[in-house]
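Working notes, beginning with the structure itself.
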Amino acid sequence: MYKIVSKTELAPKIKRIEIHAPDIANKAQAGQFVILRVNKVGERIPLTLVDWDKEKGTITLIFLEIGVSTEKLGALEAGAVISDIAGPLGNPTEIKHYGTVCVVGGGVGTASAFPIARAFKQIGNKVISIIGARTANLLILEEDMKKVSDEVYISTDDGTKGHKGFVSDVVKMLIDKGYAFDRVYAIGPTVMMRAVANTTKPYNVRTIVSLNPIMVDGMGMCGACRVTVAGKTRFACVEGPEFDAHEVDFGELLKRQMAYTTEEKLALQRLQERRCSCHE
Amino acid sequence: MSEAKPKPKLQKQSVPIPKQAPEVRRKNFNEVALGYIEEQALVEANRCLQCKDPKCVTGCPVEIDIPSFIKLMREKNFAAAIQKIKEKNCLPAICGRVCPQEEQCQKFCLLSKVGDPVSIGRLERFLADWERLSGIDVPVKAPSTGKHVAIIGAGPAGLTAAADLVKLGHEVVIFEALHLPGGVLIYGIPEFRLPKVIVEAEADFVKKLGVEIRANTLVGRTFAVPELLEKGFDAVFIGTGAGLPQFLGVPGENLGGIYSSNEFLIRVNLMKAYEFPNVDTPIRIGKHVAVIGGGNVAMDSARSALRLGAEEVCIVYRRSKEELPARKEEIENAEEEGIVCKFLATPTKFIGDEKGWVKAMECMCMELGPPDESGRRRPVPVKGSEFVMDVDAVIVAIGRTPNPIIQSTTKGLETTKWGTIVADEQTGQTSIPSVFAGGDIVTGEATVISAMGAGKRAARAIHEYLMQK
């Protein structure tokens, strides 16, 4: 059992929790994730490590309540326990001194982008961050990103804050302005990562994306997370989650992510019905 | 008095095991074979000839004293009989169910010359179930040796090695990557063949012996093997099995609805997806399911798909019925339940719908050529024989290979070109003297009992190694 030490709501339906998991905190590196199971009937779901504290033995996760598991997780308060967390899983981000690195976070993906931006900054890269959300009140970690970046750009789909449009538009604007990025890291919804990949490809800027396919065990056993990269099948959990954005078959990934949409809706509906009947 | 008793007539046939009827069981996940009741068990036990030089024992990978436990059983001393088994085997309820006895102990039974061999496995199962229901005696732990052993993987090899080592007085911790112990017993073998309460009970027994099981710990990520040695473990046993799924490598294999047998079985067994939406993990299979492969995992997958509500489940195997690697009993069970087989065929392409879900599978017919290195006749494609099958889901059950995560994070650990760990056959010792390995991680995919045998031999060797240190 793993105890939730603290909990904060960052934006509507976006929560941050800090969990006591010393073994994971001790080993965590930027770019890695955990697999967790909220309770005894729960699914195993992957969540990216946002932060970790070796001294306190805690890890921090940020998630959007979007399905049955994240809804259940979001309903837990500080002091409650989670059945299972395994990690750190996946390969860490290759943190090197590249020069200028552009880190792009879309939606709740900004949370996953944060430790990567921080790690790049720590070893002396110039970090340009671009973070985006659908609308201003869903934008997260602006202050945290400012602390670990040389410059931060913001975009919202509806223009309520920063540039009106997508983060990929900002990437293009900056490149056209003359920014010479040695690396671009994009983390967020698959369509956003595809848009960034399509943006940087004509400029030949090496771009890395952190993929988030469906996973079950997260340790290389099931192959649910298989993605096609450069024409070859790869397991995102053990060979990724980061891959060369220009080689990823995003169309296939999008379809694979949709495989259980019907069941996900049904499970969520059931959870909400049960909650309603509890309040009667 | 006993001399006066007439010698009972030799019973050539074994007592059949009661089973759920095929038309009933194909709709539920409850255990198929129901087990002997006491009368049946005693009749079967009385068939044993009590050979002076018992051949059955030589066929048992963990060397159970079979005639002795059967003798105790005949005397209705079930408690002593199960203890006799447990001297050698800490997981009898599991072995009594899933061991291929027809290839092991029972193969050597003298009675098989005149009729059926003694159903040793069913007797073992009877005793283990009797014990579980009447309360399990936990042996007293030997005085501590002060030595610490880390076991990686709570599957059959790891649980066996851990039980043997803790009984000798060593401090034993098992590190398990998944959230429950059992390895393939919990994620791979279905409920209807091996109920999960039995796996839990057997793992609990190992815990009661004094073994600590730490779940959610992926060695290679959470800790690496060298770290375990630095942390104060005097020896490490690697029993991480063969968990990496193989795919066919044909076009369209990443369509929705195409599962590795591992994904399918993990969803169904470990995550209990057949209870969705009462549990959160879903599975979707549709009406027409094809299972590729012919081993026990293929049979398990096919029979699970049927129970999930598939209308037709077809096993597609590239060789013929004679070469099917699955246990005969499981093939019969599958056939009785209505699983159909398409022999001498292999998929060449998967075809999807507009949403990216598989809707059909193109196959090619095969014919058997001369034998290959495995001794079985090699399947050769027949030109122009392509045909198309409509499918809603496909389960690829063509074998599994070792997970490379430990090998790649342990410097100096020698491996083969197949990714298995090089270990001494008798002792399990690897190229690192304090590191031992056994089970599928060394041999490649094999049986539960052979992994247990390897765990047992390694435990013996680790004990010797620790006591010499």
Side-chain angles (χ1 to χ4, degrees), chain A residues 2 21 23-24 26-27 32 34-45 67-69 72 83-90 214 216-228 232-233 235 238 249 251-264 266-271, chain B residues 175-180 187-188 214-218 220-224 227 240-247 249 253-267 270-273 275-284 352-357 396 400 402-405 408:
Chain A
Y2 302 79
D23 292 340
I24 302 174
N26 201 36
K27 270 298 174 69
Q32 291 187 300
V34 295
I35 288 269
L36 71 80
R37 203 169 70 114
V38 179
N39 59 21
K40 294 294 171 206
V41 295
E43 294 174 278
R44 294 171 63 93
I45 57 159
V68 67
S69 297
K72 279 181 176 177
S83 283
D84 303 284
I85 307 179
L89 303 174
I214 293 177
V216 186
D217 62 280
M219 299 160 182
M221 287 175 68
C222 79
C225 67
R226 57 197 197 272
V227 289
T228 301
K232 280 170 84 176
T233 294
F235 286 8
V238 287
D249 183 342
E252 180 187 272
L253 175 61
L254 278 165
K255 284 179 180 164
R256 288 187 65 80
Q257 286 172 326
M258 303 286 276
Y260 283 102
T261 314
T262 317
E263 288 79 4
E264 283 159 8
L266 174 68
L268 194 56
Q269 198 185 332
R270 286 263 307 208
L271 179 75
Chain B
F175 296 96
E176 167 56 45
L178 291 173
H179 56 267
L180 290 175
Y187 79 74
R214 288 182 62 183
N216 298 317
T217 310
L218 179 62
R221 293 278 191 217
T222 319
F223 311 111
E227 278 174 89
T240 46
L244 207 69
Q246 296 295 291
F247 285 96
E253 206 168 13
N254 291 347
L255 286 165
I258 302 178
Y259 301 97
S260 71
S261 57
N262 261 6
E263 179 184 356
F264 178 74
L265 292 172
I266 288 173
R267 283 180 183 272
L270 180 69
M271 308 311 293
K272 299 203 185 301
E275 291 179 13
F276 179 84
N278 292 325
V279 303
D280 297 339
T281 306
I283 183 95
R284 194 198 294 177
D353 64 14
E354 69 287 349
K355 284 184 171 169
W357 198 267
V396 182
R400 298 177 278 197
N403 195 315
I405 211 152
S408 65

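So you know, we letter chains A, B, ... as the sequences are listed, proteins then strands, and number each from 1.
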Inset, instruction - Look at A:V216, A:V34, A:I45 and state which one has the largest set of heavy-atom pairs under 4.5 Å with chain B. - result: A:V216

Legend entry - Winner by heavy-atom pair count (cut-off under 4.5 Å) against chain B, out of A:R44, A:M258, A:E264: A:R44

Inset, instruction - Verify, without hydrogens or angle tests, whether B:R284 (side chain) and A:A259 (backbone) share a donor-acceptor contact under 3.5 angstrom. - result: yes

Legend entry - Spacing of CG belonging to B:L178 relative to CG belonging to A:D217, to within rounding of 0.5 Å: 6.5 Å

Inset, instruction - For the residue pair B:N278 and A:R270, establish whether any side-chain heavy-atom pair is separated by less than 4.5 Å. - result: yes

Inset, instruction - Measure the CG-OH distance between B:N216 and A:Y2 for me, rounded to the nearest 0.5 Å. - result: 4.0 Å

Inset, instruction - Could you tell me which portion of A:E263 (side chain, backbone, both or neither) has an atom closer than 4.5 angstrom to a non-hydrogen atom of chain B? - result: both

Inset, instruction - Tell me, out of A:G42, A:G67, A:G223, A:S83, who's got the most heavy-atom pairs with chain B below 4.5 Å. - result: A:G42

Inset, instruction - Under 4.5 Å heavy-atom distance to chain A, tell me which part of B:R400 shows up: side chain, backbone, both or neither. - result: neither

Legend entry - Most chain A-contacting option - heavy-atom pairs closer than 4.5 Å, from B:I405, B:I283, B:L180: B:I283

Inset, instruction - Look at the side chain of B:N403 and the backbone N and O of A:M219, then say whether any donor-acceptor pair between them is shorter than 3.5 Å. - result: yes

Inset, instruction - Identify which part of B:F247 has an atom lying under 4.5 Å from any heavy atom of chain A, answering side chain, backbone, both or neither. - result: side chain

Legend entry - Minimum-distance pair of heavy atoms, taken over all atoms of B:R221 and A:P88: CB-O, 3.3 Å

Inset, instruction - Tell me, out of B:E275, B:E263, B:K272, who's got the most heavy-atom pairs with chain A below 4.5 Å. - result: B:E263

Legend entry - Contact class of A:K72 relative to chain B, heavy atoms under 4.5 angstrom: side chain

Legend entry - Shortest non-hydrogen contact between A:A86 and B:A177, atoms and distance: CB-O, 4.3 Å

Inset, instruction - Of all the heavy-atom pairs spanning B:T222 and A:K27, show the shortest one and how long it is. - result: O-CG, 3.3 Å

Inset, instruction - Count the heavy-atom pairs under 4.5 Å between each of B:W357, B:F223, B:F264 and chain A, then report the option with the highest count. - result: B:F223

Inset, instruction - Could you tell me which portion of B:L255 (side chain, backbone, both or neither) has an atom closer than 4.5 angstrom to a non-hydrogen atom of chain A? - result: backbone

Inset, instruction - Give, as side chain, backbone, both or neither, the part of A:L253 having an atom under 4.5 angstrom from any heavy atom of chain B. - result: neither

Inset, instruction - Output the option from B:K355, B:M271, B:R267, B:E253 having the highest count of non-hydrogen pairs under 4.5 Å with chain A. - result: B:R267

Inset, instruction - Report the C-alpha separation of A:S69 and B:D280 in whole Å, then their side-chain angles, then the decisive distance to 0.1 Å, and conclude whether the side chain to side chain donor-acceptor pair (under 3.5 Å) test is met. - result: CA-CA 8 Å; A:S69 297; B:D280 297 339; 4.6 Å; no

Inset, instruction - Would you name the heavy atoms of B:I266 and A:C222 that are closest together and state the gap between them? - result: CD1-CB, 4.2 Å

Inset, instruction - Go through the atoms of B:E354 and report whether side chain, backbone, both or neither lie under 4.5 Å from a heavy atom of chain A. - result: backbone

Legend entry - Residue part contacting chain B, namely of A:I85, when any heavy atom lies under 4.5 Å: backbone

Inset, instruction - Among the options A:A267, A:G251, A:G220, A:A21, pick out the one with the most heavy-atom pairs lying under 4.5 Å from chain B. - result: A:G220

Inset, instruction - Select one option (side chain, backbone, both, neither) describing which atoms of B:A273 are under 4.5 Å from chain A's heavy atoms. - result: neither

Legend entry - Which atoms of B:L218 approach chain A - backbone, side chain, both or neither, heavy atom under 4.5 Å: side chain

Legend entry - B:N262 (side chain) donor-acceptor with A:M221 (main chain) under 3.5 angstrom: yes

Legend entry - B:N254-A:T228 side chain donor-acceptor pair, cut-off 3.5 Å: yes

